[in-house]
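In what follows, a structure is listed as structure tokens, so that the remarks can point back to it.
Convention: sequence-line order gives letters A, B, ...; per-chain numbering from 1.
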2 protein chains.
Amino acid sequence: MLSKDSTLSALDRFATNLRRVRLESGLSQEKLAELAGVHRTYVSQAERRVVSISLDSIEKLAASLGVTEEELVGMSTPE
Amino acid sequence: MLSKDSTLSALDRFATNLRRVRLESGLSQEKLAELAGVHRTYVSQAERRVVSISLDSIEKLAASLGVTEEELVGMSTPE
């Protein structure tokens, strides 16, 4: 059961969730970017927390990973 | 129990959730914008789905409304 770490910013939680779900899916950053229709460096930048995340991108990435937006935005376990 | 309507876009769900939680809190669009530290027309634009929503804004609005980001991004009941 994932615990929500409220001390983490939403961006930190998103980056952590995105990376974990992507690795669990066996996808490279570039492959996920291609599937989601975002710029090929966007996933790398998102995981490094160096880009602003839009709800639209969250929706595309979640759909490509087969998870809900809540799962990417919400609960996460710090690495 | 709210049901997730997956036919709605993330933006539609966010707009619907934002409006309902804001009204339940008894806040005007301008007052919520002030509390969240976003432009005073941003809440109105978000509820009318005419502005791009960033994770940063979702975080600010959720904090000001005392709900989680998941509650604004996820479950919603169409109006």
Open item on the list: Heavy-atom cut-off 4.5 Å, strictly under: side chain, backbone, both or neither for A:S52 against chain B?
Closed with: side chain
Open item on the list: Distance check, rounded to the nearest 0.5 Å: A:L55 atom CG versus B:S9 atom OG?
Closed with: 7.5 Å
Task: A:R40, CZ atom: more than 12 neighbouring heavy atoms under 6.0 Å - done: no
Task: B:E69 (side chain) donor-acceptor with A:V73 (main chain) under 3.5 angstrom - done: no
Task: Contacting moiety of B:I53, where chain A heavy atoms sit under 4.5 Å - done: both
